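Here the structure is laid out as structure tokens; the discussion comes afterwards.
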Amino acid sequence: MAAERTGGRGTRRRVHTRARLLDAAFEVFAAKGFGRVSIEEVCEAAGYSRGAFYSNFDSLDELFFALYRQRADLIAQQVADALAGDGPDLDVPASVDRVTDVLLLDLDWLLVKTDFLVHAARDPAVGQSLLEHRARLRGAIADRLARARGHTALPAVLGDADAAAHAVVAAYDGVTTQLLLDKDVDGARAWLKQLLTALLTDGSGNQE
């Protein structure tokens, strides 16, 4: 029994250490950029030794990917949760409002995300993992749009639900790129709301 309790404490400690390393890495990567950060800097920010780092991650690349996956999965879950409440009819403006109200629009995250995109573009294995994540995000959106087909019409130019989901993610990418430059979070949220409503309706906010 004592061994089980000790094992449980060890597991909780490991989870806590990993979480602290991820939080510290997020701050350091956002401040300096992925390519300019060392393992020592992450350890110093977290208050741990290199031993603690290597007991959780094999490399800085692995930590970076774990950090990206953690935040990206949060966004996918935010979108899925915001779209889950409607019945078969999809109130597009109301759904867009819910999504954009909860969606993570954080400048530090966008800096880290941009670093990761550049990294993924140069590493096919990382790039494939990123494509798989983005496919999950689009899938959450496409699933909700597909369930509304027959009840709520989408603009014909978008084609099917999968194509519409691609367009939604592209709009998010465009707005967040602008946000990196002008730093206007409230403006980005309002613009994304207008853009998605126009994209998924007839352009005036009225559904077909």
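It should be emphasised that the depicted structure is a prediction, and the values quoted were computed from it without experimental measurement.
- In this structure the side chain of R50 reaches within 4.5 angstrom of the side chain of I39, judged on heavy atoms.
- Residues R122 and V118 are in side-chain contact: their nearest non-hydrogen atoms beyond the backbone lie under 4.5 Å apart.
- Using a 4.0 Å cut-off between a side-chain N of Lys or Arg and a carboxylate O of Asp or Glu, D106 and R71 do not qualify as a salt bridge.
- Under the 4.0 Å criterion applied to side-chain N and carboxylate O atoms, D101 and R189 are not assigned as salt-bridge partners.
- Of the N and O atoms on the side chains of E41 and S38, at least one donor lies less than 3.5 Å from an acceptor on the other residue.
- With values rounded to the nearest 0.5 angstrom, T114 atom OG1 is found 4.5 Å from L180 atom CG.
- Distance check: D160 CG to H166 NE2 gives 9.0 Å after rounding to the nearest 0.5 Å.
- Between E62 and N56, every side-chain heavy-atom pair lies at or beyond the 4.5 Å cut-off.
- The shortest distance between side-chain heavy atoms of D73 and R136 falls below 4.5 Å.
- Between F64 and F29, the two ring planes are perpendicular [angle over 60°; tilted spans 30° to 60°].
- Counting all heavy atoms, side chain and backbone alike, A188 lies closest to V175 at O-CG1, 3.5 Å.
- Counting all heavy atoms, side chain and backbone alike, G33 lies closest to D115 at CA-OD2, 3.2 Å.
- Under the 4.5 Å side-chain criterion, counting only non-hydrogen atoms from C-beta, F26 is not in contact with Q70.
- Nearest approach of A30 to L111, heavy atoms of both residues: O-CD1, 3.7 Å.
- The shortest side-chain heavy-atom distance between Q178 and D184 does not fall under the 4.5 Å cut-off.
- No side-chain heavy atom of V112 sits under 4.5 Å from any side-chain heavy atom of F34.
- Taking OG1 of T17 as the reference point, atom CZ of F53 lies at 13.0 Å (rounded to 0.5 Å).
- Partners of R134 according to the side-chain hydrogen bond (donor to acceptor under 3.5 Å, both in side chains) rule, which considers only residues two or more places apart in sequence or in another chain, are D173.
- When ring centroids are compared, F116 and W109 stay outside the 6.0 Å threshold.
- To the nearest 0.5 Å, the span separating CZ on R18 from CG on L21 amounts to 9.0 Å.
- Going from atom OG of S59 over to atom CZ of F65 covers 11.5 Å, rounded to the nearest 0.5 Å.
- In this structure, the separation between CG on D97 and OG1 on T197 is 6.5 Å, given to the nearest 0.5 Å.
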